[in-house]
Amino acid sequence: HPLRSHRAPRPCRALPLTCRVERTFTAIKPDAVNRGLIGEIITRFERKGYKLVGLKLVRPTQPLAETHYAELASKPFYPSLVQFLCSGPVVAMCWEGKDVVRTARKMLGATNPLESDPSTIRGAYAIDVGRNVVHSSDAVSTAEREIALWFRPEELVEWAPTSLQWIYE
Ligand code: ADP
């Protein structure tokens, strides 16, 4: 099947050449883990039709958190952001599917939960910007960097859900 999993993104034969199967890095932050929201968040991605290819519970070290948020190092909230990410377990995930990077961001909602539509994850489950329950890569290039930062290659599982033909035409 053209949408069967593969290591490097490549054009889908059955779809326009501009469509590529892509992967994103999504993380359930320590606030959501402590609040018992892991299942709720994973369920939204499963029900959308995206394929889980990486999943683990991680207690991030400070260097991992600093590297993950390196682009925000000049921001005043950077130290507290890094400290927060290290404050408890994080569920690190890699999701795969058509347009998953952009769509996952839409499913998350705005960075500030009070600005998020209530139908989004942040809009439904969060209030403060520093406790916005979930992360997802903001671009395909960022996703590649973040997947490589959080996962070893052998931790990403190649598999073809039997449901694919009922999700993609
Ligand atoms: P996003 O997570 O939506 O991609 P950013 O990359 O801009 O947003 O910021 C990373 C994280 O830093 C946010 O998810 C949020 O938890 C935190 N953050 C962003 N802006 C602020 C702010 N003004 N004050 C406190 N924390 C912030």
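Every number for a ligand or one of its atoms is a count from 1 in the order of the listing.
At least one N or O atom of K29, backbone or side chain, sits closer than 3.5 Å to an N or O atom of ligand 1. Among the atoms of V129, some N or O lies under 3.5 angstrom from an N or O of ligand 1. At a 3.5 angstrom cut-off on N or O pairs, H135 does not count as close to ligand 1. Between R131 and ligand 1, a contact under 3.5 Å exists for no N or O pair.
Side-chain contact between T120 and M107 is absent, with no heavy-atom pair separated by less than 4.5 Å. A heavy-atom distance below 4.5 Å is found between the side chains of E96 and V21. Between W150 and V90 there is a side-chain heavy-atom pair separated by less than 4.5 Å. Inter-residue side-chain proximity for R131 and Y125 is flagged as unmet; no heavy-atom pair is nearer than 4.5 Å. The shortest distance between side-chain heavy atoms of V58 and P89 does not fall below 4.5 Å.
Of the heavy atoms in L81, only side-chain atoms (C-beta onward) come closer than 4.0 Å to ligand 1. With a 4.0 Å heavy-atom cut-off, ligand 1 is reached by the side chain of L72 but not by its N, CA, C or O. Looking at R105 against ligand 1, only its side chain comes within 4.0 Å, counting heavy atoms.
For the ligand labelled ligand 1, residue Y69 lies inside the 4.0 Å heavy-atom shell. Contact analysis leaves H68 out of contact with ligand 1, as no non-hydrogen atom separation drops below 4.0 angstrom. The shortest heavy-atom distance from D138 to ligand 1 is not under 4.0 Å.
Close approach to R122 involves these atoms of ligand 1, each under 4.0 Å from a residue heavy atom: 1 (P), 2 (O), 3 (O), 14 (O). Contact atoms of ligand 1 toward N132: 13 (C), 14 (O), 15 (C), 16 (O) (distance under 4.0 Å to a heavy atom of the residue).
Other residues, nucleotides and ligands contribute only 12 or fewer heavy atoms inside 6.0 Å of the CD1 atom of I127.
Ranking protein heavy atoms by distance to atom 22 (C) of ligand 1, first place goes to F77 CD2, 3.4 Å. In this structure, atom 3 (O) of ligand 1 lies nearest to the protein heavy atom T111 OG1, 2.5 Å.
Under a cutoff of 6.0 Å and an axis angle of 45°, K56 and F151 form a cation-pi pair.
Between the N132 side chain and the T111 main chain, a donor and an acceptor come within less than 3.5 Å of each other. Although no hydrogens or angles enter the test, the distance criterion places a donor-acceptor pair under 3.5 Å between the side chain of E22 and the main chain of V101.
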